[in-house]
S.K.: 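Structure incoming, see below.
Hydrogens, waters and symmetry mates are skipped; everything else that's a heavy atom, side chains included, is used. On a predicted model such as this, the values are computed, not experimentally measured, just so you know. Note that the numbering runs from 1 along the sequence shown for the chain.
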Amino acid sequence: MPTLVISPREADVLALLGEHLSNAEIAARLFISVRTVESHTSSLLRKLALPDRRALSRRAVELARAERPRPAPALPAPLTAFVGRERERAALAALLADHRQVTAVGPGGVGKTRLALAVAAGAADGFTDGVWFVDLAPVAGPDRVAAAVAAVLGVGEQPGQGLDEAVCAALAERRALLVLDNCEQVRDGVAPFLERLLAACPQVRVLATSRARLLVPFERAFPVPPLSRDGGATSEAVALFVERATAAAGAAPDPALRDGIAAVCERLDGMALAIELAAARWPTLGLDGLRDGLSDQLRILAGGPRADERHRSVRAVLDWSHELLEPADRALLRRVSAFVLPFTAGAAVSVAGFAPLDPGAVADGLGRLAEQSLLTVVPSAHGTRYRAQETIRQYGAELLDGAGESARTRGRHLDWCLGGADGLARAADEERQLPEGGWQAGFDALAEELRAALAWAAERPERRPDARRLALGLAGLAFDRHLLGEAQQRLEQAAALATALTEDSPTDAADATDATDAVNAADSLREAARVAGCRRLGDDMYRLHRAAAAAALDAGDPAGAARDLAAAATVAHRFSSTFTRLPAAAEVTALLARARELSDGSPAASAALALAEAAVLADAYGSVQGSPDNTARETVGYAERAVDLARRAGDPVAESAALDALSGAHSWAGEPFAAARAARRRVELLALAPRTPATAHEQVDALAMAAATAIGVGELGRARQWGRQLSGHPLTAEVGHHATSWLLVADAFAGQEEDVLAGGARFLDAWEQGGRPRSFSLGPAAAAVAMVHGLRGDDGARASWLAVAGRAGTEEEYRHGYGAVFDATVLLDRGEAEAALERLSPAPEEVWKWVSWVWLHWYAAVRVEASVLSGHPEARERLAGARATVAGNPVAEAQLDRAEALLDGDPARVRASAAAFASAGSHYQSARSLRLADPAGIS
């Protein structure tokens, strides 16, 4: 038996498959293309004799457990040693072992985060799929909790899903530990997120830190006490002080002073942060200076119950440390509290460098604050950054308010964020690299600052114009970063801010200003609708277009309102499959009627109305609301008029949408070549269009339709070309099932078996992570993979993929459309011609609804071959009838030519058909011709 040889690169891919990464994530991790990942996956499937990606992932996990250490936990590396806490570590670890959600609760500065990190690191071996740390301190609001977790996990958005659903899907079958730090400020967002997560992911456990309980089901609270002072000079509190003082001074304190140190730690109630701050002063103040300084502060702050005293001990040390600073450093400490993420010295100059602080002294001041442990130095590959522990940052924010500098400092922070957002936008437009490693990395490093600045500005009427500008900038960046949910959210926020600006205007303000703000609101809502389209959220598209119409009316723009109402009516038909609740037909018809009333007859309004009429009145998109009384030729006429008016309006997006209607109308009319031409025109039209959410949405849809309709007329080379473009489109990076669907079908018809197996692995992984949705394209893709497994004789894998096809598509489509074609092809390959003919027993006109689009030619040609090989008495009559149907389709015509040769008993002509199939790109049928050319094959 030959030795199994797996290359080093294949081993790398296999290991990452075991981590349940998508092909896109593996490609990014290994710096190779997605196609290369797919090729290695296909090779591994073959070498390991496994049926699909799930089996390959399971094998990878088994190999990893047997041959490799567990993956290192994704936890931050503390810069200082963890001291003491043996009892708490053991107790918290035991609680985590017995309960799925544990919250370490305690006041700020008690040491919750360090304890949680120590426990998580110790428990890592029990979590085969990883330990993940999420710091929620920088998160701008409760609605951003899922986004923060998704960013750490590397989970992207899925169409029709929120990020919380995407996270749950990604973790559904993983045994993982999630550490959520600093939950208290976003507790309203953490609680519902955890309820969904724990219900959907039975093997996930959560260790949270918070100043208060999260109050979610299954939560077990663990109160974190101060460091123990038992044992006096040998206590945990003293051990921490000595360790930190030694690090600060370069030498350990004299052991004879430990009783005095114990007294200091007692005054600080064992609070870890307070002890560390005091120890940082050891080199300059010594024991006497510490004791005297703390005594003064604690007398001032004395009183109150014991629980409050613990908070007061931290505040006492912070106040004391603050008083020991020079005035300039005090100003710097409070002003840098505006930052929620690690920041550079240059950023600090921009935000904090104003009188009485000399901008040139900021860098030195940052160093002094770091020496006093009031800031932490965060080294990175792109320079030194600084950050304040959350407790210190909150303390600085209080000082900032007290000094009356909050508005000015946060205003400067807002201006700095606006400049940063503008710079990132320019870099994204130019696709250029930034010093931080690319504009994407720059955005990731700045995003939470932008969100925090936006939240502050949005609440202040005088800064709302800047807030709107930042919301729009953040929306554009988020869209380019494929954070589509946030892009839509920010556009809706920009619209709300524009509306608020109108309301804020004084009564004597110019009407023109109000109108401009209303126009801005309408524009933002339209753009939000287009982003919702990219997310496959039909309900949101419909809602937002209607909201845009209302804003346009407020702006005195009835023509704009007409366009928006027409767009809403069109969406209800064109994207009906993406709705959770379709609007009533009467409601949509009323929108169209109102749009007609408001239209001014301009080219843009006329084009929008024509498209809506094609959708609503003629059912050009074949939606479930369409009237059964429409005739195909009438539908084509409506669509052609919409195309003509859109072209006159000079709007490529509107023309693409109208061409989509025309393509659908031609397909219902039984004109697949005309449908393919219209779809191809869409791709050509959009290739030169500027990059916007609207064009991106149209491009993805156009590529899918072009690939599908090319399959329908046997243009397999073009179908595979457009399928590959769709597979690699940035907007489909996180949705491999939608990205690869038509490419899988084209590759299957072309006989590209290895490509189908590799693409099927990506499809299945993405489909499962996406919540196993249904779609008109997903069922055929799964059935195509099943067909390839059937042609390879792997009935087990075929059955698995047919089960996927049953869940990804509909029974009617599978029974009478694509499923009949794929199943019959397998049966013919196995010599079961009578069973194949039974599978295709209805004539095409009897099941026209399911075959008239992509499958008509394939259905007709395969049915004829089954009729010939089974000896059906009407075989020759069926052959003659199919000639007119498939004329011009190179694959279907070759199949009919071969069938006729088989009927005539002419092996030479059968053999000659192999060249025709090869020329048409159908390598499987070419090889089949050579097999059938054997006289035994004919008989």
Side-chain angles (χ1 to χ4, degrees), residues 22-24 27 33-39 156-160 482 484 533-536 574-575 577-578 652-653 656-657 659-660 663-664 675-676 678-689 691-713 715-750 752 755-756 758-767 769-770 773 775-785 808-809 818 853-854 921:
S22 68
N23 284 358
S33 70
V34 172
R35 295 289 295 175
T36 301
V37 175
E38 293 170 350
S39 176
E157 294 186 34
Q158 297 286 336
H482 311 307
L484 304 188
C534 297
R535 301 176 68 201
R536 298 175 64 85
R574 186 183 182 195
F575 301 111
S577 63
T578 67
V653 171
S656 171
L659 285 166
D660 190 26
S663 181
R680 181 168 65 248
R681 171 61 183 150
R682 293 180 67 196
V683 175
E684 296 166 350
L685 182 69
L686 294 167
L688 301 177
R691 184 177 62 183
T692 67
T695 55
H697 184 206
E698 283 293 328
Q699 282 172 346
V700 168
D701 187 73
L703 287 170
M705 294 304 99
T709 54
I711 290 170
V713 295
E715 295 177 350
L716 297 182
R718 281 179 168 172
R720 297 180 69 210
Q721 171 193 342
W722 288 320
R724 283 191 293 269
Q725 289 181 33
L726 177 65
S727 178
H729 194 284
L731 209 59
T732 66
E734 301 293 342
V735 287
H737 45 318
H738 291 289
T740 60
S741 56
W742 290 115
L743 180 59
L744 286 172
V745 175
D747 282 344
F749 278 136
Q752 301 291 334
D755 288 340
V756 172
R762 178 185 176 192
F763 173 95
L764 187 60
D765 180 62
W767 179 70
Q769 288 201 26
S775 168
F776 72 93
S777 66
L778 300 181
V785 181
Y818 60 84
W853 181 40
V854 172

S.K.: Could you tell me if Ser656 and Arg682 have a donor-acceptor pair between their side chains, going purely by distance under 3.5 Å?
M.R.: yes
S.K.: Listing request: all ring-ring contact (aromatic ring centres under 6.0 Å, His included) pairs with a residue in residues 716-741, at least two apart in sequence or in separate chains.
M.R.: none
S.K.: Does the Ser727 side chain pair with the main chain of Gly723, one donor and one acceptor, at a distance under 3.5 Å?
M.R.: no
S.K.: Using a strict cut-off of less than 4.0 Å between a Lys/Arg side-chain nitrogen and an Asp/Glu carboxylate oxygen, indicate whether Arg574 and Asp701 qualify as a salt bridge.
M.R.: yes
S.K.: So which heavy atom on Tyr818 is nearest to which on Pro780, and how close?
M.R.: CD2-CG, 3.5 Å
S.K.: Kindly write out the residues that satisfy side-chain hydrogen bond (donor to acceptor under 3.5 Å, both in side chains) with Thr692, not counting sequence neighbours, or none if the list is empty.
M.R.: Thr695
S.K.: Using the rule given for side chain to side chain contact (heavy atoms under 4.5 Å, CB included), can you reason through Trp767 versus Leu778, listing the C-alpha separation, both sets of side-chain angles and the distance that settles it, and then say yes or no?
M.R.: CA-CA 9 Å; Trp767 179 70; Leu778 300 181; 4.1 Å; yes
S.K.: Check for a donor-acceptor pair, side chain of Thr709 on one end and backbone N or O of Met705 on the other, with a separation under 3.5 Å.
M.R.: yes
S.K.: Does some side-chain heavy atom of Phe763 sit less than 4.5 Å from a side-chain heavy atom of Leu744?
M.R.: yes
S.K.: Do Phe575 and His697 have side-chain heavy atoms sitting under 4.5 Å apart?
M.R.: yes
S.K.: Not counting sequence neighbours, which residues clear side-chain hydrogen bond (donor to acceptor under 3.5 Å, both in side chains) with Thr732? List them please.
M.R.: none
S.K.: Measure the shortest side-chain to side-chain distance between Arg681 and Ser663 over non-hydrogen atoms and say whether it is less than 4.5 angstrom.
M.R.: no
S.K.: What is the distance from atom CG of Asp755 to atom CG of Leu743, rounded to the nearest 0.5 Å?
M.R.: 7.5 Å
S.K.: What distance do Leu686 atom CG and Arg691 atom CZ have between them, rounded to the nearest 0.5 Å?
M.R.: 15.0 Å
S.K.: Rounded to the nearest 0.5 Å, what's the gap from CZ on Arg720 to CG on Asp747? Could you check?
M.R.: 4.5 Å
S.K.: Where is the tightest heavy-atom contact between Ala746 and Ile711, given as atom of each residue plus distance?
M.R.: N-CD1, 3.8 Å
S.K.: Can a donor-acceptor pair be found between the side chains of Arg535 and Thr578 at a distance below 3.5 Å?
M.R.: no
S.K.: If I compare all heavy atoms of Ala750 with all of Gly921, which pair ends up nearest, and what's the gap?
M.R.: CB-O, 3.3 Å
S.K.: Rounded to the nearest 0.5 Å, how far does CG of Leu726 lie from CD of Gln699?
M.R.: 11.0 Å
S.K.: Should Cys534 and Leu731 be marked as a side chain to side chain contact (heavy atoms under 4.5 Å, CB included) after you check the CA-CA gap, both sets of side-chain angles, and the distance that decides it?
M.R.: CA-CA 8 Å; Cys534 297; Leu731 209 59; 3.7 Å; yes
S.K.: How far apart are the closest heavy atoms of Thr740 and Gly759, and which atoms are they?
M.R.: OG1-O, 4.2 Å
